[in-house]
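What follows is a short report on a single structure.
Owing to the predicted nature of the structure, the values given are computational and were not obtained by experimental measurement. The chains referred to below are lettered A, B, ... by the order of the sequence lines, with proteins before strands, and numbering in each begins at 1.
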Amino acid sequence: MFKKILVANRGEIAVRIIRACKELGVRSVAVHSDADADAHHVRLADEHLCIGPAEPALSYRNIPNILSAAEITACDAIHPGYGFLGENAHFAEVCESIGIKFIGPTSENIATMGDKSNARELMIRHGLPVLPGSEGEIASEHEAAAVAAKIGYPVIIKASAGGGGRGMRVVNKEEDLAHAFQAAKAEAASAFGDTGLYVERFFLEPRHIEVQILADERGRTISLGERDCSIQRRYQKLIEETPSPAVDDRLRRELGRVAVEVAQAVHYRNAGTVEFLLDKDRRFYFMEMNTRIQVEHPITEEVTGIDLVKEQIKIAAGMSLPWKQQDVKINGHSIECRINAECPEKFTPSPGRITRFHPPGGPGVRVDTAIETGSEVSCHYDSLIAKLIVHGVNREESLARMRRALDECVVEGIKTTLPLHRRIFDDPDFQKGRFSTSFLERFFAAYSA
Amino acid sequence: MFKKILVANRGEIAVRIIRACKELGVRSVAVHSDADADAHHVRLADEHLCIGPAEPALSYRNIPNILSAAEITACDAIHPGYGFLGENAHFAEVCESIGIKFIGPTSENIATMGDKSNARELMIRHGLPVLPGSEGEIASEHEAAAVAAKIGYPVIIKASAGGGGRGMRVVNKEEDLAHAFQAAKAEAASAFGDTGLYVERFFLEPRHIEVQILADERGRTISLGERDCSIQRRYQKLIEETPSPAVDDRLRRELGRVAVEVAQAVHYRNAGTVEFLLDKDRRFYFMEMNTRIQVEHPITEEVTGIDLVKEQIKIAAGMSLPWKQQDVKINGHSIECRINAECPEKFTPSPGRITRFHPPGGPGVRVDTAIETGSEVSCHYDSLIAKLIVHGVNREESLARMRRALDECVVEGIKTTLPLHRRIFDDPDFQKGRFSTSFLERFFAAYSA
Amino acid sequence: MKRRAARAISKIAKSAPKPRPDALIDPKVLQELVDVFHSAGVADLEVERGGLRVRLRRQEAVVAGQSREITVPVSEALRQSGPVETPASLAETEGLITVTSPIVGVFYRSASPETEVYVEEGSYVRKGQVLCIVEAMKLMNEIESEVDGRVVKILVENTKPVEYGEALFLIEPGARPEA
Amino acid sequence: MKRRAARAISKIAKSAPKPRPDALIDPKVLQELVDVFHSAGVADLEVERGGLRVRLRRQEAVVAGQSREITVPVSEALRQSGPVETPASLAETEGLITVTSPIVGVFYRSASPETEVYVEEGSYVRKGQVLCIVEAMKLMNEIESEVDGRVVKILVENTKPVEYGEALFLIEPGARPEA
């Protein structure tokens, strides 16, 4: 096992990783920006040091300072969390080259899966289900039109280097294609410095279903059930649950099998998430693989009883997975709400000082957060301030428990998405599990009507 | 299901009951003393009203005011929690007589089990294992000496109406018996107004093992595993865990079977706990039955996934238990630490204002509390301010998790038992699960040596 | 019965002594105000006179390490004495006596729907005279006046439920009918 | 590197200068108000007189929306500027310049163990002159002085690790060797 791990992140995920270190008896080093000198992750860690000013590019993304910090504190491993350097193949590679273990997949895994059209091609070669679309990148709008004619409208144009909805365009008919292609190209160029585009069939009312996998360094790979992340706004997830109301045992096994095949196709190591689109006829298609721990990992922990972050560390330290696939049992149902420091109607950030924070508690309630009363929410960073996670014997108990937890939760001094979450939990369609990725859009339309 | 439940308690257990009401969609009414006007249970409940001054006898034990409160708020049920009216047969009887459902066992159950020597006799009649001792109460020190000579020294003299260690005396040899008998009698008279005493064999280094049971109104009775409550100081439990390190599957089945027989012997209804003494040779003896929800109930909830307080309410509302004995599965391991507002060395109460409270969080951590930053801990009430509960895949993970949670937990402004808990978790014998009810005594002796 | 103990806000007019010409306010004067403020057990004090305005507000904040010094004993005492609402503090400043309910129950102004009310606003009462009934568990509990005086205000409507400590009447003690 | 960013406590000179006639308020008067305020244990104090209004509010009062106004700007500014330790605040009050580490690494006072140190306490330096090396990832980063002046204090021991923003030197700007 490692002696000391540097946690190259901040906020709730840094706290989460430090907790895992403590439970494993491994020392932890927090790094922080000037703005985070009093942050919770800094107080929790065994050691800490400042790595730069508030701007993420100069601190939490500052590879030289982070590696120096690891060196002078004699860390033998680095956990990148999500965001910042979470999926940075170069960073993983540098860590590998100087003998500091990067707790995550190989730099090659990250690079392969980071290039979306490349990953897609690879899946096709392995005979795995991908969305109908172009084979690799498309060079021109003419090529795009040919692909679209073959797979049928509507189609979606995506940036190969894409993420977070940027560089994406939905096209409903041929005459709109040329303009959309150019727009997506320009956006991709400015957002990612990479104009590579590809085309896929666009589905109405799909679900976003993702499967958590774990693979040890010997290649043993298991799936840990799915997460339904369909409640999202502009590709930002707001509520996640597991099991999905749309997935039965048979489909779960099938999803799990394919997710493991995806991982094995690239000799994947450590924790990862395979994202699928599930259409109305319960057919599913590979979308992409996230090569990091995800924000919503706790719901999988709740229903499997497996501590994913500790497993990441144990795998990176060379330990074998102690479970076979048949040992993984899904127990009950879990939901996560992401509480963001945002105006609940317009999603504009709401930084400031939290004058009162009262987290919910009691049975089946877990809170992952780095805030407390008096914390300052900085405009420099992500607006996620707390994750409320509940676990119940079934979806009904989970829903009632989350409704209760949302009512108990008090955040004063800034605006948060709490009121929005409460309203969603009152929605009959949501309660019945009838929703797709377009749920929130319709929800807002109905609410403002 | 009930329409509205009056919660006749305060502190964390009142909050716990209100949470259960919320998850069941039942309205809740908090009652409170003058001193608790701003208490957390008052803020959480749907309605609330003041029932008397700070002194418990005039408010939380004030039966007329509580029943009036139930009447004017149109409650159809009352949950008494633990302490106060939690095991008051008279109160349960009055509730029954005026048509307000008492959420708990029948008044007869409470009365039968409340008389310890009576309960013991009953168990003997049913052929259940009790501690070797007198049959019923003993009238004189001569009778006590005769019993002691038969069962062998050391023996313990106990008050029939006893609890909390009062009216108890351990006697090692015959010449000490007369004096101990008179002392126990005087103590029982002043503490309980009842001089009934009985004599039992006294065991060195026993474990306190109790079994949670649930019985519905049709009499279906199931056991939900044991709790090891051996870490106690003068009969006040400090740390509880389940499963017990001293109980294997076979012993667990045996304990569960006997606990169910005990309950059925008195036609027990609702939730209850059968307490056993487990000796070094793994023989167990019935001690008493607690006819209420217990402080340490959460650890059973964690490993079974069953919400005991919601089950209490559902049973009282006439619903059948949805589980058979074989449906009850014990999942992983759970520990509870009772954080008291007390000086950790001398256990003297430490009332005052809590200037900062930072509860632990993250995976496998549950906090049951009614305090927050700014809360006032009153000298009028119990010193329990928070229960930290952890759940892990096994005892090893549970221990590491609790150690981590204890480190994270911050209570400023008053003294608490947190430092003591941290020290106990560092103790090698405790870590190995090697302890008995005399653990803490020896621990303190070693510590102060 | 949804009911929150309201924070008493009382306005006190005190003749502030003349300040030194060079000072904004004489610290001694301010200290006196603070003392009055504390002993008054109010949440907010505002004094304005001749262009000088002073406002004091009770600390409600919770700051680590500071709260003990800040906590004002008076507010604690008030809280101990029950859910004091505006009438109670009025009573304090104007010398009125508040009759509170000693039990939880239903407030009745008369012995039965057919009989006359015990008292009206303006009624003169004698010590020991019944003011109302609070019914609890089918028992009619007569609430008596503890003083001779005049009923200034009846604070609860007939047949409404009352909690422990709830203010029922304001009595002006010692008042007698004019001869 | 076990290192807590100490809260900078800058000492404000107690000898308040005589107020200029155009001053907003006599500092002594204000100080008196503040003293009374602190010992009063109230949350809020407002004094208005002749067009001058002074309002004092306790820091960290946990009231939604108010905290920003209460926060004392100095401590806020200090926090923003990084883990400033006592030397930095000394610098503020005494006109010294603090040279901080722009990177994370190991502090060396000389180019190699064999060579002489770049500067000593008391050394006069020119703008652009190398003060030390901070080694990061095997790279030697020379840290230069941004001003002409005198090295008043060297704050870190040779070969010790330093974090970003850590104070390395105190320089008295403009100081020149006597002719």
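Summarising the geometry, atom OG1 belonging to Thr273(A) is positioned 10.5 Å from atom NE2 belonging to His297(A); distances are rounded to the nearest 0.5 Å. Here Ile293(B) contributes atom CD1 and Ile103(B) contributes atom CD1; the two are 11.5 Å apart, rounded to the nearest 0.5 Å. In this structure, CD in Glu372(A) is found 14.0 Å from CZ in Arg356(A), a value given to the nearest 0.5 Å. Annotation: the span from Ser334(A) atom OG to Ile389(A) atom CD1 amounts to 7.0 Å, rounded to 0.5 Å. With values rounded to the nearest 0.5 angstrom, His421(B) atom NE2 is found 7.0 Å from Leu406(B) atom CG. The structure places CD of Glu311(A) at 6.5 Å from CD1 of Ile306(A), a figure rounded to the nearest 0.5 Å.
Put simply, of His391(B), Lys387(B), Lys310(B), the one with the most heavy-atom pairs under 4.5 Å next to chain A is Lys310(B). Contact tally against chain B (heavy-atom pairs below 4.5 Å) for Glu397(A), Arg401(A), Met402(A), Glu301(A): the top residue is Arg401(A). Counting heavy-atom pairs closer than 4.5 Å to chain A, the top residue among Val365(B), Asp307(B), Leu24(B) is Asp307(B). Contact tally against chain A (heavy-atom pairs below 4.5 Å) for Gly362(B), Ala400(B), Gly392(B): the top residue is Gly362(B).
In this structure, the salt bridge (charged side-chain N to carboxylate O under 4.0 Å, His left out) partners of Glu302(B), at least two apart in sequence or on a different chain, are Arg366(B). With sequence neighbours excluded, the residues satisfying salt bridge (charged side-chain N to carboxylate O under 4.0 Å, His left out) with Arg292(A) are Glu87(A). Contacts of Asp407(B) classified as salt bridge (charged side-chain N to carboxylate O under 4.0 Å, His left out), with partners at least two apart in sequence or in another chain: Arg403(B), Arg422(B).
Heavy atoms closer than 4.5 Å to chain B are found nowhere in Pro298(A), neither backbone nor side chain. Using a 4.5 Å cut-off between heavy atoms, His40(A) contacts chain B through its side chain alone, with no backbone atom that close. Contact of Lys329(A) with chain B is not made at all, since no heavy-atom distance falls under 4.5 Å. Val393(A) touches chain B through its side chain: at least one heavy atom from C-beta onward sits under 4.5 Å away, while N, CA, C and O do not. With a threshold of 4.5 angstrom between heavy atoms, Glu23(A) approaches chain B through its backbone and through its side chain.
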Quick one, Arg227(B) with Glu240(B), criterion salt bridge (Lys or Arg N to Asp or Glu O under 4.0 Å). Give me CA distance, side-chain angles, the key distance, then yes/no.
CA-CA 6 Å; Arg227(B) 294 186 288 257; Glu240(B) 302 97 354; over 6 Å; no
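By a heavy-atom distance cut of under 4.5 Å, Arg16(A), Arg19(A), Lys22(A) are the residues of residues 8-22 of chain A near chain B, going up by number.
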